[in-house]
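Letters A, B, ... are given to chains in the order of the sequence lines, protein chains preceding strands, and every chain is numbered from 1. In what follows, every heavy atom counts, from backbone to side chain, and hydrogens, waters and symmetry copies are set aside.
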Amino acid sequence: MKSAILAGALLAFATATSVHAQAIKLADVAELSGGGATVGTNWKNGIDLAIEEINAKGGVLGRKLEVTHADSQSNPGVARAQVQKALDAEPYVLLGPGYSGSVKVTAPLAAEAGIAQIMGGEAAELTQAGNKFLFRTSFGQQSSMPKVANYIHDDMKAKSVAVVWVNNDFGRGGRDVVVKELDRLGSKVVADLSTEAGQADFAADVGKIKAANPDAVFVYLNEEESARILKELKRQGVTAPLMGETTLIGQKVIELAGDAANGARGHVGLTTDAPVDLIKTFRDKFAKKYNYVPDHNGLKGYLAVYMVKATTEKMGKVDSKAFADTLHGLTIKAADEPGILMDVTFSDTGDIDRQSFLVEVVEGKQVVKQVLPKVK
Amino acid sequence: MSNLFDLLVAGLATGAIYALVAVGFTLLWQTSQTINFAQGEFVMLPAFLMLAAMHAGAPFWLAIILGILLSMLLLGLAFKMLLVDPMMRHGVLPLAIATMALAIGIKEAVKQFFSAEASPFPSIVPTGDVSILGHAVSLQSIGVLVLAILAVSGLTALLNRTSLGHQMQAAAQNPTVARIIGVPVERMILLTFLINAFLVALASLLITPIYLAKFTSGEVLGQAAFIAAIVGGFNQVRGAIAGGLLIGVLDNLAAAYVSTQYRAAVPMIILIAVILFRPQGLLGRAEERTV
């Protein structure tokens, strides 16, 4: 009897070990607390949803996906330590972080380990440093900001613009590109205001905007700070039209800012309100699982996992060293892989080309005003 | 000029909230030598208690009442009985360190039980503008300022014009003599803890619609109020009020006219200057203890 129990236990152990060995291990490092908690939580939930779907359909090449989540606390120093720890476990692919500053300090570690890193950062410089292992899930600023500047100049007819940005890699990168583009187009930057990440009080900044009396205000902050400045802009009665990027008109910002978000416009690479059936389906599944509507970071996390699936199936094998080479130049069509939601092409630098949207917040909802096609 | 007026109004509104919190600092110090480094978290928590009440189905007005009562129970009574009283006999420093630990505990508990993400919080004051001297001033700023002034005026009247207030003053100035003449010193000390809890709950109600409800939101407030209390005079309620308003206005002016990056340094510079040249604070008196 004893030997039978022992044999059973050994069999169970061996089976568990075998299943574990067969699983494809992904490591996620995200902003699960701190100033970027909205970003990281959405990103994580998107990842978990995609993995659940893929595993329910048999996994990738017959192997299940497994992910470990680590919290960067929205701090680049912590992110670096967490990524190093994650890489020590030799994951197939590294997912995250979402903050550009954290991506900047962790990308060299992943590159050195030869592990592809699929991240949420949008700072222009991230993919311009020759890193062959870094991939975006959304547009870099060099792709999105010219569209923003064109819209401010051509559609808003703004001759003077106040630019408010967060003083980190993300904000500085966006500010540099948009100011250059506005200058090229002939729109004058009459106020150039840097703010701090995590800043709670925007009364002084909005006071400066009021004093500058611009035709339009470009706001480029993280989500929570965007909500705070929207409330302050409303409180101080600023009526100039507001333009931003995804971080100004995301779902979380609308929830936090309430009425103050109405009228804000933004260029978004990803939105759950996009007139795309696959995105609507994703939105419904996400809302059903987590009881809230995700912002673009939920989409990014979801797409990151489907990038892993599509690339691995393209290779026909699980090979972390060949992963990055395969993804460079790859076009993934939504018709072939519905989880990718929209056709997307990856450049040799890890940047993406995909259709995008111009959105306005109307009565607390994102309304897509224009669809901008894929460039190539 | 218009910009300066807007900045002054916004600064005074923020400063009035700092003053509420700073007054609490001085009250606790005066009556029980408690330096409460969890004071910022004390401001953060009531908003979450009110949000929890609203999630449970309570209307906003009821959530406010429940939030204030729960705050007085947790941050007044329980804080005194479970942390201050047992630690007090070990001296001021261990108690101060214990409040630091409490700050961490409150933050982590809120993060764990509510969320690490910010949550919206309704405003008790309607949005909109009124015209004052030709300037459009937001109702929210005025409402915050008026409510804070009412609270502080009420407290000052209580301390200076009622028998209860005189007993509190006596308990703070000389507890031994106060006991001899029949003042219930322990009850007076408990009362200051309850008043502090009420003030932080009110501050929470006023500031959270602007700052959003987030587990980290007490960090900035606690630091600003602590500086305000020292700058104004740690042993005077009127000093804490002046310090709060001064720091609120200077913070806004520094952000506008110096630099957003260095705005946090300006109150620190003032703090250092006060410690060097007038250690009792702008309105404080050397070695005097009164509430």
| Under 4.5 Å from any heavy atom of chain B - which part of L193(A) | neither
| D201(A) versus chain B, the contacting section by heavy-atom distance below 4.5 Å | both
| field | Exam field: side chain K208(A) to backbone Y257(B), donor-acceptor pair closer than 3.5 Å | value | no
| said: For T14(B), which atoms come within 4.5 Å of any heavy atom of chain A: side chain, backbone, both, or neither? | reply: side chain
| Any side-chain heavy atom of K231(A) sitting closer than 4.5 Å to one from Q140(B)? | no
| request: Count the heavy atoms of every other residue, nucleotide or ligand shown that sit under 6.0 Å from CZ of F60(B), and state whether that count exceeds 12. | output: yes
| At a heavy-atom separation under 4.5 Å, does S217(B) approach chain A through its side chain, its backbone, both, or neither? | neither
| request: Would you mind reporting whether V206(A) and D6(B) have side-chain heavy atoms less than 4.5 Å apart? | output: no
| query | Within a reach of under 6.0 Å around CZ of F198(B), are more than 12 heavy atoms found that belong to other residues, nucleotides or ligands? | reply | no
| task | Please list, in residue-number order, every residue in residues 38-48 of chain A that has a heavy atom less than 4.5 Å from any heavy atom of chain B; write 'none' if there are none. | result | T38(A), T41(A)
| field | Enclosure of K188(A) NZ (heavy-atom neighbours >12, cutoff 6.0 Å) | value | no
| Within residues 67-81 of chain A, residues adjacent to chain B where the heavy-atom gap is under 4.5 Å | none
| query | Under a 4.5 Å heavy-atom cut-off, does chain B meet the side chain of E223(A), its backbone, both or neither? | reply | neither
| query | Does any heavy atom of chain B fall under 4.5 Å from the side chain of A227(A), the backbone, both, or neither of them? | reply | side chain
| said: Report, in residue-number order, which members of residues 240-253 of chain A are under 4.5 Å from chain B by heavy-atom distance. | reply: K252(A)
| query | Can you name the side-chain hydrogen bond (donor to acceptor under 3.5 Å, both in side chains) partners of T195(A), sequence neighbours left out? | reply | none
